[in-house]
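One-based numbering, in listed order, for ligands and for the atoms of each. Hydrogens, waters and symmetry mates play no part in the numbers below; they use all other heavy atoms, side chains included.
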Amino acid sequence: MSMTLRKMTPAECLEMLEGAHYGHLACSSDGQPYVVPIYFAFKARVAYSFSMPGRKVEWMRRNPKVCLQIEDWPAKGSWRSVVLNGRFQELPDDDTWHEERIHAWSLLEKRLNWWEMGSLTPDAVPLAYASPHLFYCIFMDEVSGRIAAQTDQLA
Ligand SMILES: Cc1cc2nc3c(=O)[nH]c(=O)nc-3n(C[C@H](O)[C@H](O)[C@H](O)COP(=O)(O)OP(=O)(O)OC[C@H]3O[C@@H](n4cnc5c(N)ncnc54)[C@H](O)[C@@H]3O)c2cc1C
């Protein structure tokens, strides 16, 4: 049984990103890469996430060029992987970003259950505003995807 590798179409990449909620976020500063696992929600070519202040946020503020990677294993002996390059944008609660911030929250609170999310309810949104938590998004610039499958699974 042989393996086949093919490129995913842009539409396949977007569909996979929209169905995903977990990935690896890479940023870099002063020539040093940094990768961490994150939860996110993806809609209309934008990835949204939620964070405490820390290294990744500081680095993305310094250098907004970031990369988000996801993968899955749809069947035994096969995998799919998507790499997105994009630009970090913080979503502060100001006139410019308020609506996008609310949009981010509405997408994230539906899907996510990480350490702080799990303890919040929609009624607690004002707490998130008052806390050091921050919302950000990644505007997609380019995307690529690859699928590896056993030959008999492609038929
Ligand atoms: C399943 C999963 C989902 C997650 N979802 C989110 C999310 O949605 N949003 C979010 O902000 N964070 C999420 N995290 C945590 C995230 O991976 C980081 O640990 C966290 O955000 C802190 O990153 P920071 O750059 O602010 O680190 P800082 O608190 O600033 O700490 C920096 C230091 O800690 C080390 N470090 C930081 N994170 C990790 C790590 N994950 N593994 C090993 N070393 C680490 C760095 O190498 C560096 O030395 C998730 C983690 C997991 C496992």
Carboxylate-amine/guanidinium contact R6 E12, below 4.0 Å: yes
Min N/O separation V36 to ligand 1 under 3.5 Å: no
Parallel, tilted or perpendicular: ring planes of Y39 versus H21, cut at 30 and 60 degrees: parallel
Heavy-atom nearest option to atom 24 (P) of ligand 1, drawn from Y136, Y34, Y48: Y34
Closest non-hydrogen atom pair, S49 against I38: OG-CD1, 4.0 Å
Option of least heavy-atom distance to atom 52 (C) of ligand 1 (set: P37, S49, A41): P37
Part of Y22 within contact of ligand 1 (heavy atoms, under 4.0 Å): side chain
Min side-chain heavy-atom separation R62-D30 under 4.5 Å: yes
V46 side chain reached by Q89 side chain, heavy atoms, under 4.5 Å: no
Atom indices of ligand 1, in the order listed, that fall short of 4.0 Å to a heavy atom of S51: 11 (O)
Path from Y48 to W97 over hydrophobic side-chain contacts below 4.5 Å: yes
W59 near ligand 1 by a heavy-atom separation under 4.0 Å: no
Geometric N/O contact F50 with ligand 1, under 3.5 angstrom: yes
Closest candidate by heavy atom, reference atom 23 (O) of ligand 1, pool M60, E58, K56, H24: K56
